[in-house]
There are 2 protein chains.
Amino acid sequence: MKDDILYHFALGTSTHDFPALFGDVKFVCVGGSPSRMKGFIAYIAEELGLGSVGADYPNICEGTDRYAMYKVGPVLSVSHGMGIPSIAIMLHELMKLLYHSKCSNITIIRIGTSGGIGLEPGSVVITSQSVDATFKPQFEQVILGKTIIRSTNLDDQLAKELMQCSKEINQFNTVIGNTMCTLDFYEGQARLDGAICLYTEEEKLQYLKAAYDAGVRNIEMESSVFAAICNLSGVRGPQGSRPPLIRSAVYRLLPIHPLGFHTLYHMPYQFAAVAEERYRGSGCDIANVALMWQLFQTIPPNMLSMQALSGRALELR
Amino acid sequence: MKDDILYHFALGTSTHDFPALFGDVKFVCVGGSPSRMKGFIAYIAEELGLGSVGADYPNICEGTDRYAMYKVGPVLSVSHGMGIPSIAIMLHELMKLLYHSKCSNITIIRIGTSGGIGLEPGSVVITSQSVDATFKPQFEQVILGKTIIRSTNLDDQLAKELMQCSKEINQFNTVIGNTMCTLDFYEGQARLDGAICLYTEEEKLQYLKAAYDAGVRNIEMESSVFAAICNLSGVRGPQGSRPPLIRSAVYRLLPIHPLGFHTLYHMPYQFAAVAEERYRGSGCDIANVALMWQLFQTIPPNMLSMQALSGRALELR
């Protein structure tokens, strides 16, 4: 391929010098929301001592509104939208970006929020494996009309390192557990408040209980294809080629709630004001707004995922 | 439900007067990109004589970066991101918005670009039915761990009306055909230029040929769940209730290419400058940039989908 276009990033090998722009990348953090990933890069810049007061971080993908991308030092921060197809497009183009940039020994971490099962609000789940909506550790994909199954294993060692970070910080209840990845937010996660709901609350609870019994500790919408593509990354074309070394872990901060109440909401590292504005009275599945508000108060801005990443990135300097 | 939060719109029944804000909505146009949907509302405002020179259209969902929403007169324009899960979340909350706003007789149209099969560049496909990656007219969904099948039928009458508009305008090659909806952009649509590709060009062509033989004329990533949720809309809670009258058609402008070259790119209603900037030298699957550039020149800003919608909306005034 002479000229490779990363179409949804609005970047291309003939228009951008990839090794110069991205060759030093060692850590990639991905998350759903563009504004959150911008906030993340500002935070990480300060943590790494690479930022300056009031610095703005330009969106590397400003030529498109599909995704946003920010970089500081060895850390790349990329948004991926919501759901498996959206993150899959991003990951295909991210892997090509890393390949063209001649990167190696990359650690990729997905951060975000999720619905939790049987855990205290504010807990952190480090994903050991991603399972589908029937609790199988696999990602089903249709290619050329045929269903294939891909592995959703993640990096055990990285999960242990992140858990060790959590112990040292000692601020959050952190568990290593299975993460269920669904294709739908409302019916797919047994919510009762979608536009369509053809099951009872009792059936919902039975399903969540079965998920818990299968080791599921949280639910979200991207981890399976994240694991699958990270596992396969570097495989390029039918002939195949050596994969670059990429380690990955889905790493999810879970600010919610006992079995029977599951709701996904946003990571509060933009602090109390935003949290209050966004969630005051929101309810969702949760009746107790006071609890939610209290929860935001308890999560400090330097959230665990950032600290863990920061710690790892600092080792490189 | 006392207070209903449309979480991903950052709107709620206790904080927003839905009937006052949205009660007059009769047409909803949805598309992937936020900036495109903003451009669309400015265009439609002018077409309907509801706009003023240099008017800005505020984003109704400014409290979130998940989706963007704009309104002028009876027309609502909403972005939905990429892929089935992303549009599904939006549609659940859109249906609740229309329900709480006491809307009726709504026409919902999805507009966008897609990869075409066996059609001239610039052609328009009006979707008769959405089929999956095995060419079946159905949408598979996992609810409480069980796979269910939903219908992907669309409104035949609306498709005919849109076709009639196209004939009157007589500017675009327009067909009514099947649209294949995939869960993946690269491998799912048989592209050769993803980060992972484990099939040959010959296998790709065989698959696209089979799709063509099954009546597929274009490929995208949202139509099946769009059809399914529109079909089911109004069903609310296990007890069920009367659905509001909603008519829907997926309506796609397809600026591409003969069998064997399929690539998805953006709708060029922001004219030549943007098109040139974004696609110059891009190639994607297409070797001939000159052809692509020529193509953008031939598509006037008042694209067919807008005119068709405009015509229908004008009847209401």
Side-chain angles (χ1 to χ4, degrees), chain A residues 1 3-5 7 10 12 14-15 33-35 63 65-66 81-86 88-89 91-92 95-96 99 133-134 141-145 182-188 190 193-200 203-204 207 210 221 229 232-233 235-238 265 277-278 281-284, chain B residues 1 3-5 7 10 12 14-15 33-35 63 65-66 81-86 88-89 91-92 95-96 99 133-134 141-145 182-188 190 193-200 203-204 207 210 221 229 232-233 235-238 265 277-278 281-284:
Chain A
M1 196 181 300
D3 177 24
D4 193 8
I5 302 295
Y7 171 72
S14 71
T15 49
S33 149
S35 61
D65 61 359
R66 298 300 189 177
M82 290 186 286
I84 287 173
S86 188
I89 295 172
L91 288 173
H92 268 275
M95 294 305 171
K96 295 209 288 179
Y99 176 84
T134 64
Q141 191 173 354
V142 183
I143 300 178
L144 304 184
T182 69
L183 275 160
D184 181 58
F185 179 81
Y186 284 100
E187 296 173 281
D193 62 344
I196 303 159
C197 175
L198 303 173
Y199 42 82
T200 64
E203 288 169 320
K204 163 194 165 155
Y207 180 62
M221 298 177 72
I229 292 182
L232 288 163
S233 63
V235 181
R236 189 75 191 81
Y265 62 90
E277 185 194 348
R278 189 168 281 195
S282 72
C284 301
Chain B
M1 196 181 300
D3 177 23
D4 194 8
I5 302 294
Y7 172 71
S14 71
T15 49
S33 149
S35 62
D65 62 359
R66 299 301 188 176
M82 289 186 287
I84 286 173
S86 187
I89 296 172
L91 289 173
H92 269 275
M95 293 307 171
K96 295 208 289 178
Y99 175 83
T134 63
Q141 192 173 353
V142 182
I143 300 179
L144 304 183
T182 69
L183 275 160
D184 181 58
F185 179 81
Y186 284 100
E187 294 172 282
D193 62 344
I196 302 159
C197 175
L198 303 173
Y199 42 82
T200 63
E203 289 170 321
K204 163 194 165 155
Y207 179 62
M221 299 177 72
I229 292 183
L232 287 164
S233 62
V235 180
R236 188 76 190 79
Y265 62 89
E277 184 193 349
R278 189 169 281 194
S282 74
C284 302

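Letters A, B, ... mirror the listed sequences (proteins, then strands); counts begin at 1.
A/Ile229 has its side chain within reach of B/Ile196: a pair of non-hydrogen atoms, C-beta onward, lies under 4.5 Å apart. Under the 4.5 Å side-chain criterion, counting only non-hydrogen atoms from C-beta, B/Ile89 is in contact with A/Met221.
Interatomic distance, CE of A/Met95 versus OH of B/Tyr186, reported as 13.0 Å (0.5 Å rounding). B/Tyr7 OH to A/Asp193 CG: the interatomic distance, rounded to the nearest 0.5 Å, is 12.0 Å.
For B/Gln141, the part lying near chain A is the side chain, with the backbone staying farther off; criterion is any non-hydrogen pair under 4.5 Å.
Taking B/Leu183 as the reference, A/Pro85, A/Leu183, B/Ile84 meet the side-chain contact (heavy atoms from CB on, under 4.5 Å) condition, with sequence neighbours excluded.
With B/Lys204 contributing its side chain and A/Leu144 its backbone, the two residues share no donor-acceptor pair below 3.5 Å. Side chain of A/Asp65 to main chain of B/Ser33: no donor-acceptor pair is present (N/O by atom type, distance under 3.5 Å, no hydrogens or angles). Using modelled atom types, one side-chain atom of B/His92 and one backbone atom of A/Ala195 make a donor-acceptor pair closer than 3.5 Å.
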